[in-house]
Amino acid sequence: MTRWVVLAAVVLGAAPLAAQDAGALHLRLSVEQGVHLGRQAPSIVIPYATRDSAGPASQPFDLAKELGHVVVLVFYPGDAVTGAADDWRAIMAHEASLAGTDVVLAGISADPVATQVRFAAQLALPFKLLSDNDWSVTRRYGAMRGKAARPLLIVVGRDGQVRYIDDRFAPRDAATWTRADAAIRATRAAR
């Protein structure tokens, strides 16, 4: 049996046992979670902050409303994490590839909106910071590492499909940006 057939048998066989075995349920969910190149990006509808204020509660960030734009999602552990400010300064240094009305960059952490407003104002961030306070989006995108978000960069095309995933995203690493800038340019050029 190939590895994929064995995995499918384990996952399919685990479903009836889910009530009895939480481990089987976890296996099934972990296989289904995460983003995949060429597939539709999972929905995101959560509150956000800018350097000026919290976004209106009646108008949360909604990924579906960003269709027609290239969306760059940056998952990060949080505003108070050591190095977070330096990471965002490094991201701002690549504003040339992120600039323009056709690109939307959004940072995602579990920080409350009020904390994100202060952080964005302190750094004068021109980006939205999304508050995933229950980790639902972070889990759906496969960005959890233990009890926190891991650095992850995802580029979503104008059609809502995932075009690039960097699961080793390191904002202060030049090689990270060589790959990310190229992916953003290619996604912008695609129609």
Side-chain angles (χ1 to χ4, degrees), residues 4 7-8 11 28-51 54-77 87-88 90-110 113 116 120 125-145 149-171 173 175-191:
W4 295 110
L7 180 59
V11 170
R28 183 172 172 215
L29 290 176
S30 66
V31 169
E32 294 172 0
Q33 290 176 341
V35 293
H36 304 280
L37 286 175
R39 290 194 184 164
Q40 202 68 17
S43 70
I44 299 175
V45 180
I46 54 179
Y48 70 91
T50 67
R51 63 184 171 203
S58 63
Q59 297 176 356
F61 178 90
D62 184 346
L63 184 60
K65 291 182 180 176
E66 299 299 337
L67 288 177
H69 297 97
V70 173
V71 179
V72 179
L73 301 172
V74 175
F75 288 85
Y76 68 105
D87 286 348
W88 279 101
I91 292 168
M92 285 193 304
H94 291 272
E95 198 168 354
S97 65
L98 302 170
T101 58
D102 65 330
V103 176
V104 173
L105 183 133
I108 304 173
S109 77
V113 171
Q116 291 178 326
L125 294 178
F127 315 116
K128 290 180 179 175
L129 299 180
L130 312 184
S131 179
D132 183 24
N133 60 2
D134 66 357
W135 302 104
S136 61
V137 171
T138 304
R139 281 189 187 95
R140 205 168 33 251
Y141 273 77
M144 289 297 293
R145 177 174 53 204
R150 65 187 173 98
L152 177 68
L153 181 134
I154 297 171
V155 178
V156 179
R158 299 174 202 284
D159 57 359
Q161 290 190 3
V162 176
R163 301 295 179 192
Y164 177 76
I165 302 168
D166 186 348
D167 59 2
R168 296 171 297 156
F169 182 59
D173 177 36
T176 288
W177 284 107
T178 300
R179 295 186 306 269
D181 288 343
I184 294 166
R185 277 194 307 276
T187 304
R188 288 176 91 171
R191 293 286 173 198

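Predicted model, so just to flag it, every value in this text is computed and none were measured. One is the number of the first residue; the rest follow in order along the sequence.
In terms of modelled atom types and a separation under 3.5 Å, the side chain of W177 and the main chain of P171 share a donor-acceptor contact. Side chain of E66 to main chain of V104: no donor-acceptor pair is present (N/O by atom type, distance under 3.5 Å, no hydrogens or angles). Distance alone, capped at 3.5 Å, is enough to place a donor-acceptor pair between the R139 side chain and the D134 backbone. Judged by distance alone, with hydrogens and angles left aside, the side-chain atoms of D132 form a donor-acceptor pair with the main-chain N or O of T138 at under 3.5 Å.
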Derivation and outcome, side chain to side chain contact (heavy atoms under 4.5 Å, CB included), residues V137 and L130: CA-CA 10 Å; V137 171; L130 312 184; over 6 Å; no

I'd like to know whether R150 forms a side chain to side chain contact (heavy atoms under 4.5 Å, CB included) with F75, so could you lay out the CA-CA distance, the side-chain angles of the two residues, the decisive distance to 0.1 Å, and finally the verdict. CA-CA 7 Å; R150 65 187 173 98; F75 288 85; over 6 Å; no

Could you walk me through whether N133 and S131 satisfy the side-chain hydrogen bond (donor to acceptor under 3.5 Å, both in side chains) test, starting with their C-alpha distance in whole Å, then the side-chain angles of each, then the deciding distance to 0.1 Å, before giving a yes or no? CA-CA 6 Å; N133 60 2; S131 179; 4.8 Å; no

Given the rule in the side chain to side chain contact (heavy atoms under 4.5 Å, CB included) test, do T176 and F169 qualify, once you have shown the distances and angles that lead to the verdict? CA-CA 6 Å; T176 288; F169 182 59; 3.3 Å; yes

As a quick check of understanding, evaluate salt bridge (Lys or Arg N to Asp or Glu O under 4.0 Å) for D102 and R158, giving each step before the final call. CA-CA 9 Å; D102 65 330; R158 299 174 202 284; 3.3 Å; yes

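Atoms CD and OH, on Q116 and Y48 in that order, are 12.0 Å from each other to the nearest 0.5 Å. Atom CG of residue L63 and atom CD1 of residue I46 lie 10.0 Å apart, to the nearest 0.5 angstrom. Remark: K65 NZ to L67 CG distance equals 11.5 Å, nearest 0.5 Å.
In terms of heavy-atom proximity, M92 sits nearest to P126 at SD-CD, 3.6 Å. Between V156 and T187, the closest heavy-atom pair is O-CG2, 4.3 Å. Nearest heavy atom pair, residue P60 against residue A57, reads CD-O, 3.7 Å.
The aromatic rings of Y76 and W88 sit perpendicular, their planes meeting at an angle over 60°, well past the 30° parallel limit.
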